[in-house]
Amino acid sequence: MTEPAPPTKAELLEALRSSGEQLLTSLRPLPAAHFELGRYENGWNGRQILAHVASIEWTYPRLLEIPRRAPAAPPSAAGAEPPTRTARGGIDGYNERQVAERAGKSVGELLAEFERNRAATIAAVEAVDDALLASPIRSAGGITGPLAAVFRAVAVGHVTGHMRDILGEG
(Lines give C-alpha, C1' and ligand atoms only; values in the text may rest on other atoms or scores of the structure.)
Protein backbone atom coordinates (compact mmCIF):
# COMPACT_ATOMS: atom_id res chain seq x y z
CA MET A 1 0.00 0.00 0.00
CA THR A 2 1.38 3.42 -0.88
CA GLU A 3 1.01 6.61 1.12
CA PRO A 4 -0.98 9.39 -0.53
CA ALA A 5 1.11 12.29 -1.75
CA PRO A 6 1.56 15.03 0.82
CA PRO A 7 -0.84 17.91 0.24
CA THR A 8 0.37 21.08 -1.39
CA LYS A 9 0.32 24.19 0.75
CA ALA A 10 -2.91 25.32 -0.96
CA GLU A 11 -4.53 21.90 -0.39
CA LEU A 12 -3.46 21.88 3.26
CA LEU A 13 -4.83 25.37 3.83
CA GLU A 14 -8.14 24.44 2.20
CA ALA A 15 -8.39 21.29 4.34
CA LEU A 16 -7.65 23.29 7.50
CA ARG A 17 -10.26 25.90 6.64
CA SER A 18 -12.98 23.46 5.60
CA SER A 19 -12.46 21.01 8.48
CA GLY A 20 -12.46 23.88 10.99
CA GLU A 21 -15.70 25.26 9.56
CA GLN A 22 -17.22 21.78 9.49
CA LEU A 23 -16.43 21.27 13.18
CA LEU A 24 -17.87 24.64 14.17
CA THR A 25 -21.04 24.35 12.07
CA SER A 26 -21.64 20.77 13.21
CA LEU A 27 -21.08 21.32 16.93
CA ARG A 28 -22.44 24.82 17.56
CA PRO A 29 -26.11 23.83 17.12
CA LEU A 30 -25.89 20.93 19.59
CA PRO A 31 -27.42 21.49 23.03
CA ALA A 32 -24.90 21.69 25.88
CA ALA A 33 -26.37 18.52 27.38
CA HIS A 34 -25.23 16.57 24.31
CA PHE A 35 -21.62 17.22 25.27
CA GLU A 36 -22.11 15.63 28.68
CA LEU A 37 -23.40 12.35 27.21
CA GLY A 38 -21.47 9.25 26.39
CA ARG A 39 -18.01 8.02 27.10
CA TYR A 40 -15.28 8.18 24.55
CA GLU A 41 -11.54 7.54 24.50
CA ASN A 42 -9.87 7.95 27.89
CA GLY A 43 -13.36 7.86 29.42
CA TRP A 44 -14.02 11.40 28.22
CA ASN A 45 -17.45 12.80 27.46
CA GLY A 46 -18.09 15.08 24.48
CA ARG A 47 -17.13 18.29 26.32
CA GLN A 48 -13.83 16.76 27.40
CA ILE A 49 -13.11 15.67 23.82
CA LEU A 50 -13.90 19.22 22.70
CA ALA A 51 -11.49 20.51 25.37
CA HIS A 52 -8.86 18.17 23.94
CA VAL A 53 -9.53 19.40 20.39
CA ALA A 54 -9.36 23.06 21.44
CA SER A 55 -6.12 22.52 23.33
CA ILE A 56 -4.29 20.45 20.72
CA GLU A 57 -5.12 22.99 18.04
CA TRP A 58 -2.78 25.33 19.93
CA THR A 59 0.07 22.87 19.35
CA TYR A 60 -0.17 22.59 15.57
CA PRO A 61 1.74 25.78 14.68
CA ARG A 62 4.54 24.41 16.87
CA LEU A 63 4.91 21.49 14.46
CA LEU A 64 6.39 24.01 12.04
CA GLU A 65 9.23 24.60 14.49
CA ILE A 66 10.39 20.96 14.47
CA PRO A 67 12.21 21.06 11.11
CA ARG A 68 13.37 24.65 11.71
CA ARG A 69 15.16 23.63 14.91
CA ALA A 70 16.54 20.34 13.62
CA PRO A 71 20.22 20.31 12.71
CA ALA A 72 20.90 19.57 9.08
CA ALA A 73 21.34 15.83 8.65
CA PRO A 74 24.60 14.66 7.11
CA PRO A 75 24.24 12.81 3.80
CA SER A 76 25.13 9.54 5.57
CA ALA A 77 22.04 9.90 7.77
CA ALA A 78 19.61 8.69 5.11
CA GLY A 79 16.92 6.68 6.84
CA ALA A 80 17.65 8.31 10.20
CA GLU A 81 14.74 9.22 12.45
CA PRO A 82 13.19 12.55 11.48
CA PRO A 83 13.25 15.33 14.06
CA THR A 84 10.49 15.18 16.66
CA ARG A 85 9.03 17.08 19.55
CA THR A 86 7.91 15.20 22.61
CA ALA A 87 5.26 16.18 25.11
CA ARG A 88 6.34 16.62 28.73
CA GLY A 89 5.09 13.58 30.62
CA GLY A 90 4.16 11.81 27.39
CA ILE A 91 1.26 12.45 25.06
CA ASP A 92 -1.37 10.93 27.37
CA GLY A 93 -0.21 13.00 30.33
CA TYR A 94 -0.22 16.14 28.21
CA ASN A 95 -3.76 15.44 26.97
CA GLU A 96 -5.05 14.79 30.49
CA ARG A 97 -3.49 18.02 31.80
CA GLN A 98 -4.95 20.09 28.97
CA VAL A 99 -8.44 18.65 29.41
CA ALA A 100 -8.28 19.15 33.20
CA GLU A 101 -7.22 22.80 32.72
CA ARG A 102 -10.40 23.37 30.68
CA ALA A 103 -12.81 21.53 33.00
CA GLY A 104 -14.62 24.74 33.96
CA LYS A 105 -15.05 26.06 30.43
CA SER A 106 -18.40 26.01 28.69
CA VAL A 107 -18.95 24.43 25.29
CA GLY A 108 -19.18 27.94 23.80
CA GLU A 109 -15.85 28.91 25.34
CA LEU A 110 -14.22 25.73 24.04
CA LEU A 111 -15.57 26.30 20.53
CA ALA A 112 -14.29 29.90 20.63
CA GLU A 113 -10.87 28.65 21.77
CA PHE A 114 -10.79 26.14 18.92
CA GLU A 115 -11.79 28.85 16.44
CA ARG A 116 -9.01 31.22 17.64
CA ASN A 117 -6.45 28.43 17.64
CA ARG A 118 -7.49 27.22 14.16
CA ALA A 119 -7.08 30.77 12.83
CA ALA A 120 -3.55 30.82 14.32
CA THR A 121 -2.83 27.43 12.74
CA ILE A 122 -3.93 28.68 9.32
CA ALA A 123 -1.88 31.88 9.67
CA ALA A 124 1.20 29.85 10.64
CA VAL A 125 0.86 27.57 7.61
CA GLU A 126 0.29 30.56 5.32
CA ALA A 127 3.61 32.01 6.51
CA VAL A 128 5.81 29.00 5.68
CA ASP A 129 7.36 27.99 2.39
CA ASP A 130 6.88 24.78 0.45
CA ALA A 131 10.38 23.53 1.31
CA LEU A 132 9.56 23.52 5.02
CA LEU A 133 6.29 21.66 4.37
CA ALA A 134 8.32 18.94 2.60
CA SER A 135 10.64 18.44 5.61
CA PRO A 136 10.36 15.06 7.34
CA ILE A 137 9.17 15.16 10.97
CA ARG A 138 7.76 12.92 13.66
CA SER A 139 4.89 14.35 15.71
CA ALA A 140 4.61 13.90 19.48
CA GLY A 141 1.90 11.35 18.69
CA GLY A 142 4.32 9.32 16.56
CA ILE A 143 3.13 10.23 13.06
CA THR A 144 6.08 10.39 10.69
CA GLY A 145 6.40 11.87 7.22
CA PRO A 146 6.64 15.14 5.33
CA LEU A 147 5.45 18.02 7.51
CA ALA A 148 2.45 18.74 5.24
CA ALA A 149 1.27 15.13 5.48
CA VAL A 150 1.75 14.99 9.27
CA PHE A 151 -0.10 18.30 9.57
CA ARG A 152 -3.00 16.93 7.51
CA ALA A 153 -3.13 13.78 9.62
CA VAL A 154 -3.23 15.54 12.98
CA ALA A 155 -4.84 18.93 12.32
CA VAL A 156 -7.45 17.63 9.89
CA GLY A 157 -7.82 13.85 10.32
CA HIS A 158 -7.43 13.68 14.10
CA VAL A 159 -9.67 16.68 14.73
CA THR A 160 -12.34 15.44 12.29
CA GLY A 161 -12.30 12.04 13.98
CA HIS A 162 -12.96 13.65 17.34
CA MET A 163 -15.76 15.76 15.85
CA ARG A 164 -17.37 12.51 14.72
CA ASP A 165 -16.90 11.07 18.23
CA ILE A 166 -18.79 14.03 19.70
CA LEU A 167 -21.54 13.72 17.08
CA GLY A 168 -21.86 10.00 17.85
CA GLU A 169 -20.65 8.98 14.40
CA GLY A 170 -17.34 7.53 15.60
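All figures in this text were calculated on a predicted structure; none of them were measured in a lab.
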Fill in the blank from the handout: Applied to residues 145-154, the salt bridge (Lys or Arg N to Asp or Glu O under 4.0 Å) test, sequence neighbours excluded, yields none
Exercise for the section: Can you see which heavy atom on Pro29 is nearest to which on Thr25, and at what distance? Expected result: CD-O, 3.2 Å
Practice task
Please name all residues satisfying side chain to side chain contact (heavy atoms under 4.5 Å, CB included) with Glu11, sequence neighbours left out, ordered by chain then number.
Solution key: Pro7, Thr8
Handout entry: Euclidean distance, Thr59 OG1 relative to Gln98 CD, rounded to 0.5 Å
Key = 9.0 Å
Handout entry: Side-chain donor/acceptor of Lys9 to backbone N/O of Val128, under 3.5 Å
Key = yes
Handout entry: side chain to side chain contact (heavy atoms under 4.5 Å, CB included) involving Ala15 - partner list, sequence neighbours excluded
Key = Val156
Fill in the blank from the handout: Value for CG (Leu50) from CG (Leu110), rounded to nearest 0.5 Å, stands at 4.5 Å
Handout entry: Inter-residue atom distance Ser18.OG - Leu13.CG, 0.5 Å rounding
Key = 10.5 Å
Exercise for the section: For residues Pro61 and Thr121, report the shortest heavy-atom separation together with the two atoms involved. Expected result: CD-OG1, 3.5 Å
Exercise for the section: Indicate the atoms forming the closest heavy-atom contact of Pro6 with Pro146, along with that distance. Expected result: CG-CG, 3.6 Å
Problem - Residue pair Thr160 / Leu23, side-chain heavy-atom distance below 4.5 Å - result: no
Exercise for the section: Side-chain contact test, heavy atoms from C-beta onward, threshold under 4.5 Å: evaluate it for Ile56 versus Phe114 and give yes or no. Expected result: no
Exercise for the section: May I ask you to establish whether Arg62 and Trp58 are in a cation-pi arrangement, using a distance under 6.0 Å from NZ or CZ to the six-membered ring centre and at most 45° from the ring axis? Expected result: yes
Exercise for the section: Decide yes or no for Leu167 and Leu30: does some side-chain heavy atom of the first lie under 4.5 Å from some side-chain heavy atom of the second? Expected result: yes
Practice task
Kindly determine whether Val159 and Ser19 satisfy side-chain contact (heavy atoms from CB on, under 4.5 Å), including the steps that lead there.
Solution key: CA-CA 8 Å; Val159 168; Ser19 64; 5.8 Å; no
Practice task
Assess whether side-chain contact (heavy atoms from CB on, under 4.5 Å) is satisfied between Leu147 and Leu132, documenting all intermediate values.
Solution key: CA-CA 7 Å; Leu147 177 58; Leu132 188 73; 4.0 Å; yes
Practice task
If a pair satisfies salt bridge (Lys or Arg N to Asp or Glu O under 4.0 Å) and one of its residues is in residues 140-149, list it, with sequence neighbours excluded.
Solution key: none
Exercise for the section: Given side-chain contact (heavy atoms from CB on, under 4.5 Å), test Tyr60 with Ile122 step by step and report yes or no. Expected result: CA-CA 9 Å; Tyr60 296 144; Ile122 290 168; over 6 Å; no
Fill in the blank from the handout: Residues at least two apart in sequence or cross-chain that pass salt bridge (charged side-chain N to carboxylate O under 4.0 Å, His left out) with Glu126, listed by chain then number, are Arg17
Practice task
Taking the side chain as every heavy atom from C-beta outward, state whether Leu133 and Phe151 have any pair of such atoms under 4.5 Å apart.
Solution key: no
Problem - Asn117 side chain vs Ala54 backbone, donor-acceptor pair below 3.5 Å - result: yes
Completion exercise
Residues Asn45 and Leu37: closest non-hydrogen pair is CB-O, 3.9 Å
Problem - Sub-4.5 Å side-chain heavy-atom contact between Ile143 and Val154 - result: yes
Problem - Side-chain donor or acceptor of His34 paired with backbone N/O of Gly46 under 3.5 Å - result: no
Problem - Non-hydrogen side-chain atoms of Met163 and Ser26 separated by less than 4.5 Å - result: yes
Exercise for the section: State, with a plain yes or no, whether a side-chain heavy atom of Leu27 is found less than 4.5 Å away from one of Leu111. Expected result: yes
Practice task
Name the orientation class of the two ring planes belonging to His158 and His52 (parallel below 30°, tilted from 30 to 60°, perpendicular beyond 60°).
Solution key: perpendicular
Completion exercise
Minimal heavy-atom distance between Ala148 and Leu12, with the atoms involved, is O-CD1, 4.1 Å
Exercise for the section: If a pair satisfies salt bridge (Lys or Arg N to Asp or Glu O under 4.0 Å) and one of its residues is in residues 108-119, list it, with sequence neighbours excluded. Expected result: Arg28-Glu115, Glu57-Arg118, Arg102-Glu113, Lys105-Glu113
